[in-house]
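Here is the structure we will look at.
First the proteins, then the strands, lettered A, B, ... as listed; each starts at 1.
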Number of protein chains: 2
Amino acid sequence: MASSNAYAPSAPELPESFGQHQYDGENRYTYAYPLYQQTQQLSSSSGMFSPETHPQIVRSFESADRDRSGFLEESELRQALSLSGYEGISNRTIRFLLFIYKSPGDSLLRLGPKEYVELWNCLAQWRVIFDRYDRDRTGKINATELRDAFFHLGYMLPTSVLQLIISQFDDGTGNAVDLCFDSFLECGMIVKGLTEKFKENDPGYTGYATLPYDVFMLMVIPFVVSYD
Amino acid sequence: MASSNAYAPSAPELPESFGQHQYDGENRYTYAYPLYQQTQQLSSSSGMFSPETHPQIVRSFESADRDRSGFLEESELRQALSLSGYEGISNRTIRFLLFIYKSPGDSLLRLGPKEYVELWNCLAQWRVIFDRYDRDRTGKINATELRDAFFHLGYMLPTSVLQLIISQFDDGTGNAVDLCFDSFLECGMIVKGLTEKFKENDPGYTGYATLPYDVFMLMVIPFVVSYD
């Protein structure tokens with residue numbers, strides 16, 4: 001039904017600012033393919049931190065885990081992220097982070113040490129990319145620069161998808177507005193989360209997934225229903 | 001791949017309160033099948049109201065259409081709904097309503113008379129159902145009654161999907177909270193919108209849809225990205 005390079009025609013052009021980067025061919029044209037997976041391999045078993053974990057990660061986790069459950073629930077995660085310099089993250093984004101980073105086998109929305117390390121490393125990486133585009137240090141990036149930032153984060157989205165995401169952030173009259181870090185993170189988590197759900201149903205990376213109605217709804221509703 | 005009654009095993013039991021209703025067999029077991037389509041056939045062409053349109057609908061549209069464009073944009077729709085007794089609808093839900101009811105051929109988020117009549121009739125019907133379950137007139141319904149309300153509105157959702165929707169509305173400790181009309185409407189529009197998008201990709205009503213990655217993302221993102 002689809003060839004392995006089915007996305008080549010719809011893949012966006014490379015941003016001009018990346019002209020000097022080596023183009024690594026086919027890999028970039030698979031859909032939203034994460035290039036930075038190595039940053040998520042720093043932790044060991046779920047129940048404790050591995051010795052090489054950055055002390056700031058351990059400290060923020062242990063300070064926020066007030067009930068000493070070994071897990072961070074919603075309010076504890078907000079506290080842990082605040083201790084790590086991520087203040088003002090909305091309830092909605094916190095829930096996305098919990099939903100996307102929690103252990104798949106855990107029915108509760110909470111993070112253990114292993115999951116927290118993965119989230120922490122992802123946030124650090126996203127923060128670096130965000131700051132790179134926030135050149136005037138206003139705490140916001142231009143909506144059109146979102147595309148370059150996604151590319152840098154390893155997500156090569158079809159142009160139509162990028163345009164749709166950007167169009168969601170306008171001032172109601174069709175003018176795009178700048179994105180704060182929270183909105184940037186929210187967009188990123190949505191793209192990451194939906195793409196991973198899709199891939200679970202496309203094990204052969206064909207670019208197509210055949211979904212029963214209930215699976216489709218169960219995939220999507222956690223991203224859709226408002227929490228605030 | 002799927003028989004025509006693929007949803008029968010996962011269809012929820014009929015709510016007890018509907019025990020006296022006639023069970024209309026197979027139709028109820030198609031996924032989220034709208035039973036009330038006749039309420040959406042009251043208007044004629046897109047550009048003007050048909051003579052039989054309820055005067056309150058025409059009045060609210062014309063009062064709110066301040067720029068006399070013949071369309072209601074976001075703030076005008078909020079005003080029109082407020083004039084019709086629907087106050088306090090969130091920005092997020094207003095955008096859902098625009099997205100779901102706008103003419104498919106219109107690239108802008110706005111409603112003409114035809115679309116507004118459809119929305120108005122849908123809201124009136126949903127309000128009646130909501131009030132039926134809001135027995136103590138607190139302006140809220142119990143989250144578990146959402147299932148009965150959906151059934152009454154013609155959406156027969158798989159139990160797993162209903163449970164997931166209900167689980168999204170909790171107080172952070174796993175206890176379900178009551179839903180105001182706005183949340184009820186938001187849930188309903190999400191179910192309606194996603195189900196219709198799915199059906200567009202399942203013209204044979206098999207219960208399965210084969211989706212390319214970009215189509216999947218384009219279907220879902222308008223429901224996901226936050227507007228507030």
Side-chain angles (χ1 to χ4, degrees), chain A residues 1-2 6-7 10 30-32 73-75 90-93 95-96 108-109 157-161 164-165 167-170 172-174 182-183 186-187 190-191 193-195 197-199 201-202 206-228, chain B residues 1-2 6-7 10 30-32 73-75 90-93 95-96 108-109 157-161 164-165 167-170 172-174 182-183 186-187 190-191 193-195 197-199 201-202 206-228:
Chain A
M1 196 152 187
Y7 288 110
S10 65
T30 57
Y31 53 89
E73 288 87 19
E74 188 174 339
S75 65
S90 68
N91 291 346
R92 184 172 154 85
T93 304
R95 286 254 194 156
F96 273 133
L108 299 175
L109 275 179
L157 292 171
T159 304
S160 55
V161 174
L164 179 63
I165 292 174
S167 76
Q168 303 292 315
F169 290 89
D170 66 37
T173 64
D182 184 58
S183 297
E186 185 185 327
C187 281
I190 288 166
V191 166
L194 287 174
T195 301
K197 290 281 173 195
F198 186 88
K199 281 178 171 174
N201 290 278
D202 175 25
T206 62
Y208 287 78
T210 297
L211 304 170
Y213 172 71
D214 57 344
V215 169
F216 169 75
M217 294 294 273
L218 294 173
M219 279 167 76
V220 171
I221 285 172
F223 293 92
V224 174
V225 175
S226 177
Y227 307 110
D228 292 332
Chain B
M1 194 151 187
Y7 288 110
S10 65
T30 57
Y31 55 88
E73 287 88 19
E74 188 174 339
S75 65
S90 68
N91 291 345
R92 185 173 153 86
T93 304
R95 286 255 193 154
F96 273 133
L108 299 175
L109 275 180
L157 291 172
T159 304
S160 55
V161 174
L164 178 63
I165 292 174
S167 75
Q168 303 292 314
F169 289 90
D170 65 37
T173 64
D182 185 58
S183 297
E186 185 185 327
C187 280
I190 289 165
V191 166
L194 287 174
T195 301
K197 290 281 173 194
F198 186 88
K199 281 177 172 175
N201 291 278
D202 176 25
T206 62
Y208 286 77
T210 297
L211 305 169
Y213 172 71
D214 58 344
V215 170
F216 169 76
M217 295 295 273
L218 294 173
M219 280 167 74
V220 171
I221 285 171
F223 294 92
V224 174
V225 175
S226 176
Y227 307 109
D228 291 332

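Considering only heavy atoms from C-beta on, A:Leu157 comes within 4.5 Å of B:Tyr213 through its side chain.
In this structure, CE in B:Met217 is found 6.0 Å from CD1 in A:Ile165, a value given to the nearest 0.5 Å. Atom CG of A:Leu164 is separated from atom CG of B:Asp214 by 11.5 Å, given to the nearest 0.5 angstrom.
Ring planes of A:Phe216 and B:Phe198: tilted class, angle from 30 to 60°.
The nearest pair of heavy atoms linking B:Leu194 to A:Val220 is CD1-CG1, 3.7 Å.
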